[in-house]
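All remarks here apply to the structure that follows.
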Amino acid sequence: MKVFVCTSCGRAVFPHRLLCPDCGSSEWREERVEHGVLEAAVEREVRVGAVRTPLGPLAITRIESDAEPGAEVSLDQDGDTPLAR
Amino acid sequence: MTGDRRAARIVAAVETPYTRHPAEGTTTETLLADAFVRVLAGAGLDRADVDGLGVASFTHTPDRAIDLAWKLGVRPRWLMDDGNGGASGIQLLQHAMRAIEAGDATTVVLLSGDHFDGDSFRTLVDNYNRTTAEVLAGIPTGGPNVLFAMLTQQQMEAHGLEREDYGRLVVAQRRWAGLNPGAVYRAPLTLEEYLASPIVAEPLHRLDCVPVVSGADALVVSAAGEGVTVRALRALHNHDGQEGDGLQTGIAEFAGGLWGDADAGPEDMDVVSVYDDYPAMALAQLADLGFVPDGDLGGFLRRRFEDEPLAVNTSGGQLSAGQAGCAGGMHGLVEVVTQLLGRAGERQVESARLAVVTGYGMVLYRYGACANAVVLEAP
């Protein structure tokens, strides 16, 4: 999945912000993150989780596996929707 | 300093009967109009006296406060819309009292209400804000329940809480609801029944989630007359940029200032209202306000919701009385003002003089970003 990295100070965010929380810059580059750690998971219509990405942001994702909290998961994206497996 | 800091007082507070199944022909604007007529009657005021109007609603769109002013026949010189959900009631109060202190208005009616039918609730939660529509709706999260399920899991883990700990709060609020003819769920509830209610998203079960209702609330804030006064009001929104654990609200940062301004502390409160979208968040706000100085949330729930109960969410709260969209942000204010005016009927808290009310809400991504609180004093 893609996260947004401030081109001036390197701070990563997800979802997108208008200005960098740290330095105030409005210039972002998209960076792919392929793995993260599942911090929480819950079942509803689908499995939903909170995944800590290595660049810092905690992303809410659909989970398409049986991964339990604490496990490393791979990250992907379906359109704008983050996916973890 | 200009203006009179204690000029504004709340002279009337009403709630239209909340309902799960509104009568045919009910719309958001008919609910808001009903609340307007009732609150003017309650205040003994005439429509021509009103020179300020504030409105909070999700479903009033595309209309705004000015449309309502026109259709109600009001000529305001102070006009405001606020759609900040669970924080909107205190938000409107904050601005209305400053308008009165500054002399911009003398008689302000604040209205808040929502009507849901068919798919309108799902449409609202899937399009709550741009971020939800873009990165949450496709999962699909289907609204905030899954997010607060994860927060509740984390609070349980951090504080060693079990479902029955939250049940104490839910059961206590239902006991209050039994004394409130306006609550949608009034039947007595046991802890066993709470534990057995159908699952929504572990650990949240149906009785941890607010029943969505149609309804409206209203206040009159006035420069004259006998009413409830504001001792202190503080707000802090977006306190952590949605990058914290979500279990501490902006209230924690301003609680010291709030109590300082009020010249009182949690122990002085006769009535308490915290925004109860979920039991975990009601508990978080009580902790943020300073009601749990030793940090033992489980002990606090046992002590203050069973052994020596604190008067918290005396309408039954949104968990039992219902959540009428944005009106959820005014529901607690209306209840507390009703208590402080001594008009709470069977559920009247004896000699209620001081009260605190919180607002919380606007789930931008992971949890609510808005937080405010007000300390109110009886006339």
Legend entry - Between P140(B), G138(B), A137(B), A201(B), the one whose heavy-atom pairs under 4.5 Å with chain A are most numerous: G138(B)
Inset, instruction - Working to the nearest 0.5 Å, report the span between CD1 of I63(A) and CD1 of I139(B). - result: 9.5 Å
Legend entry - Portion of E202(B) that has a non-hydrogen atom of chain A nearer than 4.5 angstrom: backbone
Inset, instruction - Give, as side chain, backbone, both or neither, the part of L147(B) having an atom under 4.5 angstrom from any heavy atom of chain A. - result: side chain
Inset, instruction - Pick one of side chain, backbone, both or neither for A41(A), based on which atoms fall under 4.5 Å of a heavy atom in chain B. - result: backbone
Inset, instruction - Please indicate whether Q77(A) has more than 12 foreign heavy atoms, meaning atoms of other residues, nucleotides or ligands, lying under 6.0 Å from its CD. - result: yes
Inset, instruction - Using non-hydrogen atoms and a 4.5 Å limit, figure out which bit of Q154(B) sits close to chain A: side chain, backbone, both or neither. - result: side chain
Inset, instruction - Identify which part of E43(A) has an atom lying under 4.5 Å from any heavy atom of chain B, answering side chain, backbone, both or neither. - result: backbone
Inset, instruction - Would you name the heavy atoms of M150(B) and V42(A) that are closest together and state the gap between them? - result: CG-CG1, 4.0 Å
Inset, instruction - Would you indicate whether the side-chain heavy atoms of R44(A) and V200(B) approach each other to under 4.5 Å? - result: yes
Inset, instruction - Give a yes or no on this: more than 12 heavy atoms of other residues, nucleotides or ligands lie within 6.0 Å of atom CG of D294(B). - result: yes
Legend entry - Atom CZ of R20(B) with >12 non-hydrogen neighbours under 6.0 angstrom: yes
Legend entry - Heavy-atom side-chain proximity of H16(A) to V135(B) below 4.5 angstrom: no
Inset, instruction - Inspect the contact between R366(B) and E39(A) and indicate whether a charged nitrogen and a carboxylate oxygen are less than 4.0 angstrom apart. - result: no
Legend entry - R64(B), CZ atom: more than 12 neighbouring heavy atoms under 6.0 Å: no
